[in-house]
Amino acid sequence: MVSSLAAPKLTTTFSSSTTLLFSKNLPLSLSSPFLSLPLNLTSSVTHLHCRSLSFCHRHRRGFVAASAEPDNGADSARKYDFDLFTVGAGSGGVRASRFAANFGASVAVCELPFSTISSETGGGVGGTCVLRGCVPKKLLVYASKYSHEFDESHGFGWKYDSEPKHDWSTLIANKNAELQRLTGIYKNVLKNAGVTLIEGRGKIVDPHTVDVDGKLYSARNILISVGGRPFIPDIPGSEYAIDSDAALDLPSKPEKIAIIGGGYIALEFAGIFSGLTSEVHVFIRQKKVLRGFDEEIRDFVAEQMSVRGIEFHTEESPQAIIKYADGSLSLKTNRGTVDGFSHIMFATGRRPNTKNLGLEAMGVKLNKNGAIEVDEYSRTSVPSIWAVGDVTDRVNLTPVALMEGGALAKTIFHNEPTKPDYRAIPSAVFSQPPIGQVGLSEEQAVEQYGDVDIFTANFRPLKATLSGLPDRVFMKLVVCAKTNKVVGLHMCGEDSPEIVQGFAVAVKAGLTKADFDATVGIHPTAAEEFVTMRTPTRKIRRSPEGKTDSEVKAAAGV
Ligand code: FAD
């Protein structure tokens, strides 16, 4: 399996051909990767030097079948160790490797040794989602929600002799045991699919060779799925700050924490620590949280989180962190200094893991943020090298990395050219209250369609009537006036991610407001509002001059 290789032979350079390159043009930062739907995704035509005549021809047809007839820069006479070598066993890498092996390809994947904190030397099979993202985060969200539920319970007759206490070390120990179990399951998934797992750091040394800690492996195709890592800006005292990796694995619960950033990760951690009774301050550079989300959702979630005790410092950027002898931290911003923090967390975005991978030397094109540029089939500028998931910075979500990995395996090894479909990707923010959304925001819909009908409901949920808590729910349908199609659906309130996952099928299927109206509700639920909102809150019409007027109607469903 280990081989030392002759220099790879690339076919003759062929110039002045055109191929489609995917380019990211999203309005959101790395930390807010959610709303990346068709109108935001642009495919720009770029002139490249094609590596081979056949590559260019095939790209014009839009299909590359490496297994059927390799046009991936491979020397057909040459014997490779593997059909596919994947660097990084996170969501995208595991999915692509497993599917490729199921299609009959010989596949190896390399991954860094397990660590709860990611680094150049630490990672683990399962990747960010399983070890430092979605899963541990959601477990901590579950832990933190109890405090609200204890508060709710009093109105329903529950009495406690003493206040419930939380033990942080039990939570973290149980969470870490679960991560060990999950990483084991992912290893088995690879093993059962016949994928060779190699522990170590992968580096590309030529278009068909990967070096893993000094051993060389050759492959007809190489997949880069190395994801990204949190980014902390370089300000004085930044060494005292923590990132999301560390926040999920702290030795003790923060007493008072500053969270810097207004994206989904910042809001989720604010909810976690607030629910676990830390004092939480969120510092955001802009006026509002969740850039790129529907404006009303942005306002609503911030208001509800404030009601639950989280303090937002808007238009406040960090300038320095000062550590005192007693261990406490102060955060200096453009507006002043806030003292007494036990922890300061940056949730200011993530950077693709493309450093020291050997990509630039290979001619793999990166964008200005270091993300790998790929075409619609996830192929890089080097024909034998492909990339999926966060490292390409398209839509940085686990289900999207899975979709891209699956599509890639079909394209290369199943003779079935498959482009990932980025339309109507639903997403959630596990803030408290949580958000679920699919399709276009009101602002995006107005931009795209001009004439739009908006239906909203803002109400006190049934549970709050007895709990006595000031909880509210906000729901919104965005309807294209011309076609009557529901093009956007948004909710902030209990269970919204679960509810919106179901409705996402309807939005993706292009169902109309009439279809929603014809659906019988489930009573009593909050979700039934989505099929009972009859009167538009406003009708937005583009005037002949191209300006937009808003005709405000009676609030619907309140
Ligand atoms: P990753 O899962 O990051 O996997 C990359 C792997 O490559 C890692 O295991 C890494 O160790 C390995 N690696 C890196 N370099 C090398 C190398 N040189 N050699 C070998 N291996 C290497 N998404 C959601 O959909 N829902 C959520 O609720 C959600 N919550 C999140 C919460 C947090 C705090 C974070 C940080 C992310 C969250 N995400 C969520 C995003 C999600 O985790 C990512 O989109 C997803 O993990 C991307 O998968 P990937 O395969 O591209 O990369």
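The shown structure was predicted, so the numbers you read here are calculated from the model rather than taken from an experiment. Note: hydrogens, waters and symmetry copies are ignored here, and every other heavy atom, side chains too, is used. Order of listing sets the numbers, starting from 1, for every ligand and every atom in it.
By the criterion of a heavy-atom distance under 4.0 Å, the backbone of Ser225, and not its side chain, is placed next to ligand 1. Under 4.0 angstrom from ligand 1, the non-hydrogen atoms of Arg350 all belong to its side chain. When heavy-atom distances to ligand 1 are checked against a 4.0 Å cut-off, Ile265 comes that close only through its side chain, counted from C-beta outward. Contacts of Val400 with ligand 1, taken as heavy-atom pairs under 4.0 Å, are absent altogether. With a 4.0 Å cut-off on non-hydrogen atoms, Glu111 touches ligand 1 through its backbone as well as its side chain.
Considering both main-chain and side-chain atoms, Lys137 comes within under 3.5 Å of ligand 1 through a nitrogen or oxygen pair. In terms of polar-atom proximity, Arg132 is not counted as a contact of ligand 1, lacking any N or O under 3.5 Å from an N or O of the ligand. Considering backbone and side-chain atoms alike, Gly92 places an N or O below 3.5 Å from some N or O of ligand 1. Considering backbone and side-chain atoms together, Tyr264 places an N or O closer than 3.5 Å to an N or O of ligand 1. Considering backbone and side-chain atoms together, Gly133 places no N or O closer than 3.5 Å to any N or O of ligand 1. Considering backbone and side-chain atoms alike, Thr128 places an N or O below 3.5 Å from some N or O of ligand 1. Among the atoms of Asp390, some N or O lies under 3.5 angstrom from an N or O of ligand 1.
Less than 4.0 angstrom separates some heavy atom of Leu397 from each of these atoms of ligand 1: 23 (N), 24 (C), 25 (O), 45 (O). The ligand atoms of ligand 1 that sit less than 4.0 angstrom from a heavy atom of Cys129 are 43 (O), 47 (O). Less than 4.0 angstrom separates some heavy atom of Leu357 from each of these atoms of ligand 1: 18 (N). In summary, the atoms of ligand 1 found under 4.0 Å from a heavy atom of Pro399, numbered by their order in the structure, are 25 (O). Heavy-atom proximity to Ala401, at under 4.0 Å, picks out these atoms of ligand 1: 49 (O). Every atom of ligand 1 is numbered from 1 in the order shown, and the set under 4.0 Å from a heavy atom of Asn396 is 41 (C), 45 (O). Proximity to Gly389 (heavy-atom distance under 4.0 Å) selects the following atoms of ligand 1: 52 (O). Proximity to Val87 (heavy-atom distance under 4.0 Å) selects the following atoms of ligand 1: 17 (C), 19 (N), 20 (C).
With ring centers used as reference points, His281 lies under 6.0 Å from Phe341. Under the 6.0 Å cut-off for aromatic ring centres, Phe103 and Phe413 do not qualify, their centroids lying 6.0 Å or more apart.
Lys175 and Asp249 are joined by a salt bridge, as a carboxylate oxygen and a charged side-chain nitrogen come within less than 4.0 angstrom of each other. By the 4.0 Å N-to-carboxylate-O rule, Arg285 lies too far from Glu316 to be salt-bridged with it. Between Asp471 and Arg308, at least one side-chain nitrogen of the basic residue sits less than 4.0 Å from a carboxylate oxygen of the acidic one, meeting the salt-bridge criterion. Lys288 and Glu295 are joined by a salt bridge, as a carboxylate oxygen and a charged side-chain nitrogen come within less than 4.0 angstrom of each other. At a threshold of 4.0 Å, the pair Arg181-Glu178 counts as salt-bridged, since one of the basic side-chain nitrogens sits closer than that to a carboxylate oxygen.
Side-chain atoms of Leu171 and His166, non-hydrogen and from C-beta on, do get closer than 4.5 Å to each other.
Distances shorter than 4.0 angstrom occur between a heavy atom of Gly200 and an atom of ligand 1. The shell of residues lying under 4.0 angstrom from ligand 1, judged by heavy atoms, includes Cys110.
Asp211 contributes atom CG, which lies 9.0 Å from atom OH of Tyr217 (distance to the nearest 0.5 angstrom).
Closest non-hydrogen pair, Ile204 versus Met362, comes out as O-CE, 3.7 Å. Between Arg229 and Ser118, the shortest heavy-atom distance links the atoms CD-OG, 2.9 Å. When all heavy atoms are compared, the tightest approach of Arg394 to Thr392 is NE-OG1, 2.9 Å.
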- [ ] Evaluate side-chain hydrogen bond (donor to acceptor under 3.5 Å, both in side chains) for His208 paired with Asn221, printing each intermediate quantity in order.
- [x] CA-CA 7 Å; His208 293 283; Asn221 296 279; over 6 Å; no
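The aromatic rings of His313 and Phe283 lie parallel to each other, with less than 30° between the two planes, well short of the 60° mark.
Nearest residue to atom 23 (N) of ligand 1 from Gly124, Ala428, Cys134 is Cys134 (criterion: closest heavy atom). For atom 49 (O) of ligand 1, the nearest non-hydrogen atom from the set Gly126, Gly90, Ser91, Gly123 comes from Ser91.
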